[in-house]
Amino acid sequence: MRIATWNVNSINARLETVVRWFEEESPDVACLQEIKCVDAAFPAAAFERLGYNVAVHGQKTYNGVALLSKAPLEDVRAGLPGDDGDDHARYLEAVVSGPAPIRVAAIYLPNGNPIGTDKFAYKLKWLDRLHNHARELLALEEPLVLAGDYNVIPEPADADNPAGWAGDALFQPESRGAFRALKWLGLTDAYMAADGAPGGYTFWDYQAGAWRRDHGIRIDHLLLSPQAADRLTGVVIHRDVRGRDKPSDHVPVVAELRP
DNA sequence: ATGGTAGACCTTCTA
């Protein structure tokens with residue numbers, strides 16, 4: 001079973017690009033972020049045609065996440081618990097049904113820039129809420145995949161130019177520490193477990209020729225419970241997608257799990 | 001060099 005995560009930066013602006021990739025790769029499950037539309041504006045039919053079941057947690061203009069799965073989705077839950085006043089659409093969780101059911105969440109973690117503002121405080125609060133929720137999910141002792149745009153650069157090796165990110169919310173000690181704490185709960189970073197090679201970037205800014213110069217960062221992650229990590233056979237970052245026409249600034253990351 | 005690009009949108013915010 002292959003599970004993908006991809007921040008598409010507007011599903012409607014990107015539909016042709018995204019559908020083409022789905023036709024080529026045909027992942028079993030996909031977590032999409034930054035769909036940038038309300039539920040009703042999500043182009044569900046384009047994916048249903050390809051055999052996918054669709055769950056959407058959308059929002060006007062900003063954020064928005066979706067889950068696509070060839071197998072039916074059960075126990076769909078929208079929104080990260082822990083703050084009833086949070087109206088951003090950044091979390092969608094469901095169980096992919098089948099002989100070996102697997103719980104999957106699509107995550108779009110707050111960017112948090114600039115540091116020293118309420119935006120950065122919101123990011124850290126969100127990380128803390130994710131920590132609490134992940135702890136509860138891990139207690140179920142089930143196969144679990146928390147996949148998405150974490151907006152966290154875990155280590156210096158995950159950036160082309162770490163010094164250039166020193167003042168950025170994605171590389172603050174608090175952000176990195178919260179990401180480590182999440183892993184210490186018992187979650188495995190699929191890319192590091194399967195490969196770990198430096199330079200496995202997943203995002204290149206649109207500006208200043210970042211792609212051309214390979215000024216990338218690794219911020220799109222799949223975190224696996226022990227029951228999912230036991231089944232991990234590999235991770236592929238679809239880097240070439242960044243060089244196509246009308247690209248997202250992020251590329252798909254795909255984890256393969258044994259049936 | 002205080003820039004650069006992209007998307008949704010009421011002319012600015014978010015990334």
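Below, chains carry the letters A, B, ... as their sequence lines are ordered, and counting in each starts from 1.
- In this structure, A:V236 shares a hydrophobic cluster with no other residue, the cluster being traced through Ile, Leu, Val, Met, Phe, Trp and Tyr side chains under 4.5 angstrom apart.
- Judged as a side-chain contact (heavy atoms from CB on, under 4.5 Å), and not counting sequence neighbours, the contacts of A:A134 are A:L146, A:L182, A:L185, A:L187.
- At most 12 non-hydrogen atoms from other residues, nucleotides or ligands lie less than 6.0 angstrom from CG of A:D84.
- Taking the C1' atoms as reference points, B:dG4 lies 16 Å from B:dT14, given to the whole Å.
- Residue contacts shown for A:R212 are absent, as no nucleic acid heavy atom lies under 4.0 Å away.
- Residue contacts shown for A:Y108 are limited to sugar-phosphate atoms, with no base heavy atom under 4.0 Å away.
- By the neighbour-count criterion of 12 heavy atoms within 6.0 Å, atom CD of A:E16 is sparsely surrounded, having that number or fewer from other residues, nucleotides or ligands.
- Within 6.0 Å of the CG atom in A:D240, the count of heavy atoms belonging to other residues, nucleotides or ligands exceeds 12.
- Taking a heavy-atom distance under 4.0 Å as the criterion, the stretch of DNA chain B touched by chain A extends 5' to 3' from B:dG4 to B:dA15.
- Mapping A:T61 and A:F203 onto DNA chain B by nearest heavy atom places A:T61 at the nucleotide closer to the 5' end.
- Comparing the same atom, P, in B:dC9 and in B:dT5 gives a spacing of 22 Å after rounding to whole Å.
- A distance of about 31 Å separates the P atoms of B:dG7 and B:dA1, rounded to the whole Å.
- With respect to A:L32, the side chain to side chain contact (heavy atoms under 4.5 Å, CB included) criterion is satisfied by exactly one of A:D149, A:V65, A:L68: A:L68.
- Place A:A208 and A:K246 on DNA chain B by their nearest nucleotides, and A:A208 ends up nearer the 5' end.
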